[in-house]
Amino acid sequence: SAMVEHTANTLGIRHFHKGLSPQQKLEQVKALQQSGDSIAMVGDGINDVPVMAGAHLSIAMNNASDLTRLKADAIILNGDLNTLSYACEKARQTYRIIRQNVIWSITYNLTALPLAALGYVPPYAAAIGMSASSLLVVLNALRLKKAPAQPSLPREETPTAVMATR
């Protein structure tokens, strides 16, 4: 269906399958896993449960059947598929900021601490530098509060299947 293609394009998914039976979905998941891919499956019906059980991560929509929600690792409570894209982008942004903070901290400590220990930097300056470094890490992490723009998927229709690899 055109909705599956639109959803895949909006989420940045290059390879996808549409119109698959539950058995075909499960076969695709197993094939992708055997090639080393990690699989996340979003479903809303009882027919999605076997595929969700075979995926590394299973996500149910809020309007999913009770069994589907019970078997899911996560549930999108607002029923909006855009939430998944938002969560993925926020996770990528968080990982980048954590990496930046760790690199900054290691660089600062490998540079400033030896200088202070050797007496090239007075103790009060080292203390100010350490406080400033900690403040920089906190301010960098606060950038996560800014929300990235969410892609727009039509709200009136949720695709029945998007199987994808990045």
Side-chain angles (χ1 to χ4, degrees), residues 4-17 28-44 51-62 64 68-155 158-159 161-166:
V4 172
E5 289 181 46
H6 178 72
T7 302
N9 290 333
T10 301
L11 295 175
I13 297 170
R14 294 186 313 250
H15 307 288
F16 59 90
H17 304 275
Q28 283 291 326
V29 165
K30 287 180 180 178
L32 291 168
Q33 287 173 330
Q34 286 176 352
S35 68
D37 290 330
S38 295
I39 306 298
M41 172 68 183
V42 179
D44 62 356
V51 186
M52 292 171 70
H56 293 105
L57 172 66
S58 59
I59 304 165
M61 300 302 288
N62 190 39
T68 305
R69 284 185 288 157
L70 183 65
K71 296 295 184 180
D73 297 316
I75 300 172
I76 298 177
L77 294 176
N78 65 2
D80 184 0
L81 199 53
N82 288 316
T83 304
L84 183 58
S85 177
Y86 175 78
C88 289
E89 180 55 34
K90 189 58 87 171
R92 285 186 204 98
Q93 183 184 19
T94 300
Y95 181 75
R96 279 191 307 269
I97 288 177
I98 288 171
R99 219 174 54 221
Q100 290 167 1
N101 286 344
V102 167
I103 289 169
W104 166 254
S105 296
I106 289 171
T107 302
Y108 176 82
N109 286 323
L110 288 175
T111 307
L113 292 180
L115 292 174
L118 293 172
Y120 293 118
V121 177
Y124 73 88
I128 292 171
M130 187 61 78
S131 296
S133 174
S134 296
L135 184 60
L136 182 69
V137 166
V138 170
L139 291 174
N140 192 35
L142 285 175
R143 293 185 316 149
L144 289 171
K145 292 191 71 115
K146 289 196 294 189
Q150 292 189 31
S152 177
L153 294 175
R155 294 180 185 269
T158 301
V162 175
M163 305 236 356
T165 59
R166 280 190 179 259

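- Atom CD1 in I106 sits 8.5 Å away from atom CG in N109 (nearest 0.5 Å).
- The backbone N or O of S58 lies less than 3.5 Å from a partner atom in the side chain of D73, making a donor-acceptor pair.
- From M130, atom CE reaches atom CG of L135 across 13.5 Å, with rounding to the nearest 0.5 Å.
- Looking at heavy atoms from C-beta onward, R143 lies in side-chain contact with I97 at the 4.5 angstrom threshold.
- A salt bridge links E89 to R96: at least one charged side-chain nitrogen sits closer than 4.0 Å to a carboxylate oxygen.
- Considering all non-hydrogen atoms of both residues, T107 and I103 come closest at OG1-O, 2.8 Å.
- Heavy-atom minimum distance, V51 versus M41: CG1-SD, 3.8 Å.
- Separation of atoms CG (L136) and CG (N101) is listed at 7.5 Å; rounding is to 0.5 Å.
- Side-chain N or O atoms of S105 include none that pairs as donor or acceptor with a backbone N or O of V102 at under 3.5 Å.
- Put simply, the side chain of M52 does not reach to within 4.5 Å of the side chain of K71, judged on heavy atoms.
- The shortest non-hydrogen separation linking A126 to Y108 is O-OH, 3.9 Å.
- For the pair L32 and S35, the tightest heavy-atom approach, listed with the atom from each and the gap, is O-OG, 2.8 Å.
- Rounding to the nearest 0.5 angstrom, the gap separating the CD atom in Q28 from the CZ atom in F16 is 13.0 Å.
- Note that CD1 of I76 and OG1 of T83 are 6.0 Å apart. Values are rounded to the nearest 0.5 Å.
- How far CG of D44 is from CZ of R69: 11.0 Å, rounded to the nearest 0.5 Å.
- Here the closest non-hydrogen pair linking P114 and L110 is CG-O, 3.2 Å.
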